[in-house]
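Notes follow the structure.
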Number of protein chains: 2
Amino acid sequence: MKLSEGVEWGLHCTSVLASLPTKATLPTKALAEYHGVSETYLSKHLQALTRGGIIESVPGPRGGYRLARPATEITLLDVVEAIDGPEPAFRCTEIRQQGPCAIESSAYHLPCTIHVAMARAEKLWRNELRAQTIADIVAQLDDRVPQRVQHLAEKWLSEHVRTASEKA
Amino acid sequence: MKLSEGVEWGLHCTSVLASLPTKATLPTKALAEYHGVSETYLSKHLQALTRGGIIESVPGPRGGYRLARPATEITLLDVVEAIDGPEPAFRCTEIRQQGPCAIESSAYHLPCTIHVAMARAEKLWRNELRAQTIADIVAQLDDRVPQRVQHLAEKWLSEHVRTASEKA
DNA sequence: GGAGTGATACTCGGATATCTGGTGTCCGAGTTTTCGCGG
DNA sequence: CCGCGAAAACTCGGACACCAGATATCCGAGTATCACTCC
């Protein structure tokens, strides 16, 4: 079981966007440079976040991405599912209904025991990710990120962010 | 995030082996036919379970596989990790330490917030899988599998199982 | 008839192809800005 | 000087290659069985 690398990128990018002023945008190029990752590939994942309704795009020059709704209403699960897909990790193919001992499908009233157990574990995982929002992540950054980095980031972002009122 | 199909096969096969008499074995061919899956490919996963110490193999004619330890001491997580590998699904690549705002690595005393959150969710998933054993799964089968299938399975397995005392 | 021995058949184990999905890149559609022109 | 319009620049969005890992298969190593021979 392996989670796409894009999930990490998406979570970090969403967190960065959440720390910007309301309505302010940041283009793919800036987000990619900030995280030191491929711009074109990051673009792919940002598109997935857009399709998932996590962020929204502003086209044209001085455009970019911004959150589609308040960071308090974006859970980690939202981001993970937008990029990785909502399908469960364990998919029961009902192999218990195959082979020489199988009978008509309608006779299997109760779901597969193994399927139930795996689904229960996965539900816990999802619930935990759903319980934490991007706003929670951002709130923790103040205490956990070195002061020096915070200052550097603040300065760098202020030079690349694009607000609605700003006129070049 | 996608769990290998072999995980499902491995869980079912381990459960079947757990329902056999002590020391009795079942060859790959029988396990594959019982579940209606590819024999050669199932073999690959059974090898993984062997390497993981879940089951053990008996070579030669009248050989096969059996549990390496009591079913009460085999958790679902053991089987999942034996086949899917023990690596965590989310791997933090520390992209926070890249880009124009990064400083020397030694300055990042506290772990990445996102990494912590993802790891916590994954820990819950693992704990849940660790809390349930193959013996628990087998115990539930009596109530959840149609009587008719239980009889068919009992008969079919008795014709393919190989006990230590049996002499052809 | 019983024991020993060689051939045999069956099993697991690892090495080898194939294929799907993640990884990575590029070019076109659309919009805002900007520059130039005319009034 | 101000308004209008066309061109341009920059953005996102989707379509197109590439590669690693899962999927699927085959053949060789090893062992218990079995048959045959000899005592």
Self-check item: Carboxylate-amine/guanidinium contact B/K44 B/E39, below 4.0 Å
Solution: no
Exercise. Enumerate the residues from residues 46-57 of chain A whose closest heavy atom to DNA chain D is under 4.0 Å, giving them by residue number; use none for an empty result.
Key: A/Q47, A/T50, A/R51, A/S57
Could you work out, with side-chain hydrogen bond (donor to acceptor under 3.5 Å, both in side chains) as the rule, every residue matching [X], not counting sequence neighbours?
{"X": "B/E128", "answer": "A/R120"}
{"X": "A/K155", "answer": "A/E159"}
{"X": "B/T133", "answer": "B/D136"}
{"X": "B/E87", "answer": "none"}

Quiz item: 5'-most contact on DNA chain D: A/T28 or A/P61, nearest heavy atom basis?
Solution: A/P61
Rounded distance (Å) that lies between atom [atom2] of [N] and atom [atom1] of [X]:
{"X": "A/E33", "N": "D/dT11", "atom1": "CD", "atom2": "P", "value": "12 Å"}
{"X": "A/R162", "N": "C/dT31", "atom1": "CZ", "atom2": "P", "value": "18 Å"}
{"X": "B/R62", "N": "C/dC10", "atom1": "CZ", "atom2": "P", "value": "11 Å"}
{"X": "A/R66", "N": "D/dC12", "atom1": "CZ", "atom2": "P", "value": "12 Å"}

Quiz item: Can B/S158 and B/E154 be counted as having a side-chain donor-acceptor contact under 3.5 angstrom?
Solution: no
Quiz prompt | With sequence neighbours excluded, residues passing side chain to side chain contact (heavy atoms under 4.5 Å, CB included) with A/T113 | solution = B/I137, B/Q140, B/L141, B/R144
Practice problem: With DNA chain C as reference, determine whether B/L26 or A/P59 sits nearer its 5' end, using the nearest nucleotide of each. | Solution: B/L26
Quiz prompt | Residues that, via side-chain heavy atoms closer than 4.5 angstrom, fall in one hydrophobic cluster with B/V58 | solution = none
Self-check item: Pairs satisfying ring-ring contact (aromatic ring centres under 6.0 Å, His included), at least one member in residues 104-147 of chain A, at least two apart
Solution: none
Quiz item: In degrees, rounded to 10°, what is the bend between the two ends of the helix from C/dG1-D/dC39 to C/dG39-D/dC1, using five pairs at each?
Solution: 0°
Quiz item: What pairs with A/H160 under ring pair (Phe, Tyr, Trp, His ring centres under 6.0 Å), at least two apart in sequence or on another chain?
Solution: A/W156
Exercise. Tell me, please, which residues at least two apart from B/R126 pass salt bridge (charged side-chain N to carboxylate O under 4.0 Å, His left out).
Key: B/E81, B/E122
Quiz prompt | Under 4.0 Å protein heavy-atom contact, by nucleotide of nucleotides 22-29 of chain D - B base, S sugar-phosphate only | solution = -BBBB---
